[in-house]
Amino acid sequence: MLRQVFCPADRLMSDSTSSANGTGVPAWQLGQARLAKGDLPGALESFRDAASHGHTDAQIELARMLLFGLATAPEPVQAIAWLTRAEQAGHVAAGYLLAQVAAGNTLLALDERADARLLAGVEARFPPSLRAAAIVFARKPHERGQVLATKLLQAAAKRGDSIAAQLLAERIERGVGCSPDPDAAEQLRTQIAQVHAPRLPPLDESRMSGAMGTQDAGPPTLDLSEYLRTPEMELLSTQPAVRIVRGLLNADECRLLIAMANPLLHPSRTVDPHTGQPVAVELRTSHDAPFDVLNEDLAVRLVQARMAAAAGLPLDQAEQLIVLRYEPGQEYRPHRDYLPPDAIARDRPNAGNRMRTICVYLNTVEAGGATEFPRAGLRVEPRAGDAIVFENLDAQGMPDADTLHAGLPVERGVKWLATLWFRQCPYRTF
């Protein structure tokens, strides 16, 4: 039976091997009961008690609350210490979460240790690890990597991961990493429909990076640092500064973001310049899905890290990822991304203003939907996998009015877009 898996952290306890000291069980159970009632401070206290007695599930739940700032200010260093302790006790999910932290390449390095942690999750057949590894191997420019990516998605789908199943169905239909089998793909989509997952939009895979190649480069290896290598940028405009990265994301990465965003979509809002609060206005008629830390998984974090690498900035300077969907007639009228002072004051003022934006087109639109920079006389057509990077501030760090831009109305089809806004200083804790 397929299950919808949006936030693997919600299933860490049931999907991984756990060892627990019996003396910590009562406190763990009390923590779970308090959490179910919405008593976060009480749950934090109970989990801390159980964790100190060696209960590894409690150590992970405590670490998550400290990491994400639930019922407390974020304490990522303490969170890492608890996760390390649980990992040493053999809890696969702890290593997975440590790899997820490492994807930001700040508190933990995205190095061989992160590779080993992801590999340990793969060997334990932990679905979130299988999905993340599949995304990494899908970038390999040879057939062996593509075969392995498909096998990893198959293993995750068999364990109930419907996101992996959605990606797998597309690969089976087209014969990426396997022989094409449209009937099997359709049967899999029928199962996926039972968890109310919409069918993914078609993509023009022939022009996207990471498609299956014919090179024989030997056995593919798991190297997360290699995953962050991005294509060169091309300058489209100097005032405002706009660049394009062609083929930044491949078909699997685009589909991953769409599949993860689908259940989170709601009508888009913009920031009121007077109150700093999000409000619905005619300026922006799309639907969007914000990814806060509780909606992310390692695969999504890695894609964001790749976007950050293309933007030339560390991931911790990025606000939360936003995935947008524009249907026919929907648009984002001319606007600027930098924030008014009131909005900055209300949302992590030490991070400063939005200095840079990266937008990745997740599909090729049938007609319309271009991004327009009217003061530069520039229009960028939405093509799957391409990213545009542009500055929002001038050389002195002041808002640049020339960055006025718009998402033109979609005429036919649907437009999917992923956006990261980067502040001047760190915005995230990890």
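Here the structure is a predicted model, which is why all the values come from computation and not from measurement.
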inquiry  = Once rounded to the nearest 0.5 Å, what's the spacing between atom CZ of Phe291 and atom CG of Leu420?
reply    = 11.0 Å

Separation of Leu153 CG from Arg131 CZ (nearest 0.5 Å) = 9.5 Å

Parallel, tilted or perpendicular: ring planes of Phe373 versus Phe390, cut at 30 and 60 degrees = perpendicular

message = Between Thr150 (side chain only) and Val176 (backbone N and O only), is there a donor and an acceptor less than 3.5 Å apart?
response = yes

message = Any donor-acceptor pair under 3.5 Å linking the side-chain atoms of Asp49 with those of His55?
response = no

key: Aromatic centroids of His287 and His266 separated by under 6.0 Å   = no

inquiry  = I'd like to know whether the aromatic ring centres of Trp28 and Phe47 sit less than 6.0 Å apart in this structure.
reply    = yes

key: Spatial distance of atom CZ (Phe422) from atom CG (Leu393) [nearest 0.5 Å]   = 13.5 Å

inquiry  = Just to verify, which of Arg423, Arg356, Arg428 counts as forming a salt bridge (Lys or Arg N to Asp or Glu O under 4.0 Å) with Glu319?
reply    = Arg423

query = Do Asp316 and Thr106 get their side chains close enough for a donor-acceptor pair, meaning under 3.5 Å?
reply = no

ask   = CG of Leu257 to CG of Leu321: how many Å apart, nearest 0.5 Å?
value = 6.0 Å

key: Residues, nucleotides or ligands: over 12 heavy atoms within 6.0 Å of Glu232 CD   = no

inquiry  = If we ignore hydrogens and angles and just use 3.5 Å, is the side chain of Glu253 paired with the main-chain N or O of Asn250 as donor and acceptor?
reply    = yes

